[in-house]
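Below is one structure, written out as structure tokens, with a few remarks after it.
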Amino acid sequence: MTKYVYLFTEGNGNMRELLGGKGANLAEMTNIGLPVPQGFTISTEACTKYYEDGRQINDEIMAQVMEYIVKLEEITGKKFGDLENPLLVSVRSGARASMPGMMDTILNLGLNEQVVDVIATKSNNPRWAWDCYRRFIQMYSDVVMEVGKKYFEELIDKMKAARGVTQDVELTADDLKELASQFKAEYKAKIGTDFPTDPKEQLIGAIKAVFRSWDNPRANVYRRDNDIPYSWGTAVNVQSMAFGNMGDDCGTGVAFTRDPATGEKGLFGEFLTNAQGEDVVAGVRTPMKIAEMEQKFPEAFAQFTQVCETLEKHYRDMQDMEFTVEHGKLYMLQTRNGKRTAQAAMKIACDLVDEGMRTPEEAVAMIDPRNLDTLLHPQFDPAALKAAEAIGKGLGASPGAACGKIVFTAEDAVEWHNRGEKVILVRLETSPEDISGMKSAEGILTVRGGMTSHAAVVARGMGECCVSGCGEIAMDEEHKRFTLAGKEFHEGDIISLDGSTGNIYDGAIPQVDADPNNGYFGRIMAWADEFKRMGVRTNADTPADAKKARELGAQGIGLCRTEHMFFGEGRIDAFREMICSETVEEREEALDIILPMQQSDFEALYEALEGYPVTIRFLDPPLHEFVPTTEIEIEKLANKKHKTVADIKNIISSLHEFNPMMGHRGCRLSVTYPEIAKMQTKAVIRAAINVKAKHPDWNIEPEIMIPLVGDVKELKFVKDIVVATADEEIKSAGSDIKYEVGTMIEIPRAALTADEIAANADFFCFGTNDLTQMTFGFSRDDAGKFLDAYYDKKIFEADPFAKLDQTGVGKLMKMAIDLGKPVNPNLHIGICGEHGGDPSSVEFCDAIGLDYVSCSPFRVPIARLAAAQAAIAHKK
Ligand code: ADP
Ligand code: MG
Ligand code: MG
């Protein structure tokens, strides 16, 4: 019999897979003797089973839940539905990886009309009792029955207006009682049945809702963004309640052991008296700073600081905790390794090493490579920022520099973003429904909410700039406008946000690139370079890109796409003349014009790389991509070539292909027009010889890469041309330069016959963009049209063009290595598809033994860190 349910005393912190993060940590806190309201966890396996069984909780699981209700009743001395001493619980979701705000918690479950009367009388605190009850109906309706929150919020607002008060806490017991019955009426109107009164029925409904929520659209989006597999499932935690809403000697709070925005050491958080659950986060009332809690609750505060220290030492990481104070007594409700900004992650990791809590290897392993992105993105130009005058100030909730056009709804943010606009999402406050809009925006500005508000937490998670709680803004969401500093702002107006200071600026402030080599970031990256086994190169076609990549730590160019060089000023004309030539002589004439240009481009690249390796890929795309499209350009070309416009149009239409991705491209171009390969070889070799002459101490050994090879004979054919041309160039220059000729592995047949190919290649480079499209048989330009349906139907969890398909495409890669290496032990092997900058794909590349990964310049630090983490994990 499978055990599906665990008391907190039966679990521990290492059981995340089974108990989820929250459940495992509740167990761990219980084990180390911290004050945790007791409860039990229904495992992630039960969730998986629920889905396997067609969204049913089977009898076995149900029986275990019932058994554990009895155990919990014994532990707490309370009973579900009891009129003497009723048990009230919270029902909380908790997956293996924390998914903040993704699934909602239900509090005070177990209440009904009779029980609420009992606790009202017994506690002599009817306000509290009715507050609990109305909250329960509200949360249960929202989460379990999916009756929108907003109807209940409206009823509360009406009630407050009728009573002439502004805060929830000002409502009396009678008001809350009245609200509870309005809520129930609302429930009945929407659902058609009475609100459930049996606590066990309530509990089963809640458990099912948690399981169900694993598959809601928000959770699915979050998982895809954060690489969390659908198969993990979520656990359910059923926990007896601690009450923060019993009066002014009660309250609830959230806190971090270090500042999640900057990493600064010290308690950081917020606390709200006479409140429950997410009140702090929801921004309904402005919470007090955690330090102020000391005056109001000296004992609980002292105990809490002690707990923080214990937890940080125990987990050896910054903790994010949730707690409640009931009549002055502290209860711990959650702890986890806190989410943090990229900046904070760097500082915390270094500090933990300095404090002796972590080794450098552990520090490197702690950092999520995907977060580095934000550190590399532009910051405000310090001079411009100094000169600018802020028009308002909120909390610097998530650092970064954002500048864009104002939008007022999440839908608008998505729509404008898709049109290519940069937008700032301005809201009263955000809620989980706004996730996609928040993602589409450059930055988020909210009127309400503190440092732990939804907007702040989610923005930090996304690495997006956020200024929260700017109360100076007079908001008019309905008419899409707000007033700040005496000025009215409308949709489309440009503002700038500084997520570090919380400053808001009218108009755009110029931005500059961030510096990745100094401070904590530099320290982490230096460690990463020390630990990684694979090299990290970059995909760069211009000296500017190459320089940027070098600054970001690239150790060479893994892919230079020569075709990008043909689009430049004065080049495309010559290239078009070449394409529209009818004889070899004509073509050679045009190529002669291009040769010196291409040569000087390569020289600039070699200069930029200062002796690091450069892989140059020969012309790859179908020629029709280069042909003129406008009448004027066609006429110009016709005149140049002494042909008629009709002749040129004929040539252009003859280049048309039904399926250009599988058409006349790659090495096939060199097979038809060997003179192109000849010209490119000359340009590479001459450039190398020239730069070597200037810098004799640099190691310059050109790597010429032949694309789209499917048959070894294709490679041999082109290679023979390259070798003959190169040797002649080297000989006539009296040089002794060495060079390599290798190939892309991007057609499945090349992987399948890699032994034959390896005998004729100095290196392999996996072009996983093409390899993915050819293996799946769908084009990367068209896949966008149906991939969404694939995600919805759970056929795909991730975009195979972004995250390497290890099962299929990965198997081809592995096969190519296994076939190729024995034939040619000197073969060096890399990857230059988009996957070279994706952390999970980089890990795979390390595991199958690649020598290097190559990615776009801004992803180089991500790849360095991911490569280090792979090597560290590998060693264990
Ligand atoms: P999330 O994963 O969204 O943080 P939680 O399950 O942590 O959701 O619940 C949200 C909040 O509900 C907690 O921070 C806490 O304030 C409150 N809460 C949950 N369980 C209890 C409980 N047993 N007693 C008191 N408050 C609780
Ligand atoms: Mg929540
Ligand atoms: Mg929580």
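Note that ligands are numbered from 1 as they come in the structure, with each ligand's atoms numbered from 1 the same way. For the numbers below, each heavy atom of this structure counts, side chains included, while hydrogens, waters and symmetry mates do not.
Not a single heavy atom of G244 sits less than 4.0 Å from an atom of ligand 1. The shortest separation from a heavy atom of K22 to ligand 1 is under 4.0 Å, placing the residue in contact. Remark: distances from the non-hydrogen atoms of A242 to ligand 1 include one below 4.0 Å.
Shown here are the ring pair (Phe, Tyr, Trp, His ring centres under 6.0 Å) partners of F136, two or more places apart in sequence or in another chain: Y140, F195. By the side-chain contact (heavy atoms from CB on, under 4.5 Å) test, A410 pairs with D434, sequence neighbours left out.
Near T252, with a cut-off below 4.0 Å to any heavy atom, the atoms of ligand 1 are 16 (O). Ligand-side atoms of ligand 1 in range of T105: 5 (P), 6 (O), 8 (O), 9 (O), 10 (C), range being under 4.0 angstrom from any heavy atom. Residue-ligand proximity, R92 to ligand 1, at heavy-atom distances under 4.0 Å covers atoms 5 (P), 6 (O), 7 (O), 9 (O), 19 (C), 20 (N). The atoms of ligand 1 that sit less than 4.0 Å from any heavy atom of E322 are 4 (O), 7 (O), 13 (C), 14 (O).
Backbone and side-chain nitrogen or oxygen atoms of R336 are examined, and none is located within less than 3.5 angstrom of a nitrogen or oxygen of ligand 1. Considering backbone and side-chain N/O of S93, none are found under 3.5 Å from N/O of ligand 1.
Panel note: side chain Q182, backbone L179; no donor-acceptor pair is recorded below 3.5 Å.
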| request: Please step through side-chain hydrogen bond (donor to acceptor under 3.5 Å, both in side chains) for the pair H314 and E28, ending with a clear verdict. | output: CA-CA 10 Å; H314 188 77; E28 189 76 8; 2.6 Å; yes

| field | Verdict with reasoning, N245 to D131, per side-chain hydrogen bond (donor to acceptor under 3.5 Å, both in side chains) | value | CA-CA 8 Å; N245 58 339; D131 186 47; 3.0 Å; yes

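Using a cutoff of 4.0 Å between basic side-chain nitrogens and carboxylate oxygens, R55 and D215 are scored as salt-bridged. Taking a cutoff of 4.0 Å between a charged side-chain nitrogen and a carboxylate oxygen, R340 and D317 qualify as a salt bridge. Between K160 and D175 no salt bridge is recorded (no basic side-chain N to carboxylate O distance below 4.0 Å).
E322 contributes OE2 and Q334 contributes OE1; the angle these two atoms make at the Mg ion (ligand 3) is 100°, rounded to 10°.
Under 4.0 Å from ligand 1, the heavy atoms of L107 that appear belong solely to its side chain. At a 4.0 Å heavy-atom cut-off, ligand 1 touches Q334 through the side chain alone.
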